[in-house]
Amino acid sequence: MQTTNELVREENRRIRLIRIASDLLVHVLMTRPVSQAEAEKDDKRVEKLVLKLFPGKEHVFDLIYLPRFRRAFREAGVTTTSTR
């Protein structure tokens with residue numbers, strides 16, 4: 001059985017992984033040419049990671065990460081067809 005401190009450390013580790021993945025996606029979008037298909041594929045990869053680490057938290061991805069990615073897509077000149 002895990003202690004509260006261990007549970008908090010584990011959750012913080014998962015949050016760091018998501019932060020790294022999302023920062024990397026935004027960095028890639030802003031520093032090199034990316035096609036629409038590549039951008040959407042990478043977006044799905046980060047979403048899959050979020051849902052793997054935090055099952056059932058689709059709304060968190062939609063509220064926090066999706067707007068950030070859409071903004072980066074726009075700034076990078078990538079148009080998306082995602083309707084989420």
Side-chain angles (χ1 to χ4, degrees):
M1 189 163 170
Q2 291 181 316
T3 66
T4 301
N5 286 338
E6 290 170 334
L7 292 171
V8 169
R9 275 195 301 271
E10 175 58 22
E11 183 169 335
N12 286 336
R13 183 190 70 81
R14 291 182 286 153
I15 291 169
R16 273 193 315 276
L17 288 173
I18 294 168
R19 184 179 306 128
I20 290 167
S22 63
D23 288 349
L24 182 59
L25 173 56
V26 171
H27 176 76
V28 166
L29 288 169
M30 302 309 288
T31 59
R32 69 177 180 91
V34 179
S35 70
Q36 175 183 345
E38 283 180 295
E40 289 179 355
K41 185 176 171 184
D42 291 341
D43 173 313
K44 291 291 185 191
R45 285 182 182 152
V46 174
E47 180 180 21
K48 186 176 178 181
L49 176 65
V50 168
L51 297 180
K52 178 180 177 184
L53 296 174
F54 294 95
K57 299 294 183 178
E58 293 87 358
H59 64 284
V60 174
F61 179 84
D62 291 346
L63 287 172
I64 297 172
Y65 297 102
L66 191 58
R68 180 178 183 207
F69 297 155
R70 284 185 178 160
R71 188 171 46 251
F73 292 161
R74 260 192 324 274
E75 290 177 13
V78 176
T79 56
T80 62
T81 58
S82 177
T83 58
R84 281 188 301 186

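Just so it is clear, the structure is predicted and the values come from calculations on it, not from any experiment. Heads up: numbering here begins at 1 and tracks the sequence.
For Pro67 against Asp62, the heavy-atom pair with the smallest separation is CD-O, 3.2 Å. Of all heavy-atom pairs spanning Gln2 and Leu7, the tightest one is OE1-CD2, 2.8 Å.
Every residue two or more places apart in sequence or in another chain that forms a salt bridge (charged side-chain N to carboxylate O under 4.0 Å, His left out) with Arg14 is listed here: Glu10. Partners of Arg68 according to the salt bridge (charged side-chain N to carboxylate O under 4.0 Å, His left out) rule, which considers only residues two or more places apart in sequence or in another chain, are Asp23. With sequence neighbours left out, the side-chain hydrogen bond (donor to acceptor under 3.5 Å, both in side chains) criterion links Glu11 to no other residue. Here Arg19 pairs with nothing under the side-chain hydrogen bond (donor to acceptor under 3.5 Å, both in side chains) rule; sequence neighbours left out. Remark: Arg74 pairs with no residue by the salt bridge (charged side-chain N to carboxylate O under 4.0 Å, His left out) rule, at least two apart or across chains. When the side chain to side chain contact (heavy atoms under 4.5 Å, CB included) test is applied to Thr3, the partners found at least two apart in sequence or on another chain are Asn5, Glu6. Residues satisfying the salt bridge (charged side-chain N to carboxylate O under 4.0 Å, His left out) test with Arg16, not counting sequence neighbours, are none.
Ile64 and Leu17 fall within the same hydrophobic cluster, where Ile, Leu, Val, Met, Phe, Trp and Tyr residues are linked whenever their side-chain heavy atoms come under 4.5 Å apart, directly or through other members. Connection of Ile15 to Tyr65 is established within a shared hydrophobic cluster, with ILVMFWY side chains joined at heavy-atom distances below 4.5 Å, either directly or through further cluster members. Under the 4.5 Å side-chain heavy-atom criterion for grouping Ile, Leu, Val, Met, Phe, Trp and Tyr, Val8 is not connected to Ile18 through any hydrophobic cluster.
The distance from the CZ atom of Arg45 to the NZ atom of Lys41 is 4.5 Å, given to the nearest 0.5 Å.
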Show me the donor-acceptor pairs, under 3.5 Å and distance only, between side chains in residues 49-60 and residues at least two apart or in other chains.
none

Listing, residues 25-33 side-chain donor-acceptor contacts under 3.5 Å, not counting sequence neighbours, or none:
| from | atom 1 | to | atom 2 | distance (Å) |
| --- | --- | --- | --- | --- |
| Thr31 | OG1 | His27 | O | 2.7 |

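Side-chain contact between Glu38 and Ser35: present, with at least one pair of heavy atoms (C-beta onward) separated by less than 4.5 Å. Annotation: side chain of Phe73 is in contact with side chain of Asp43 (closest heavy-atom distance under 4.5 Å). Side-chain atoms of Arg9 and Arg13, non-hydrogen and from C-beta on, never get closer than 4.5 Å to each other.
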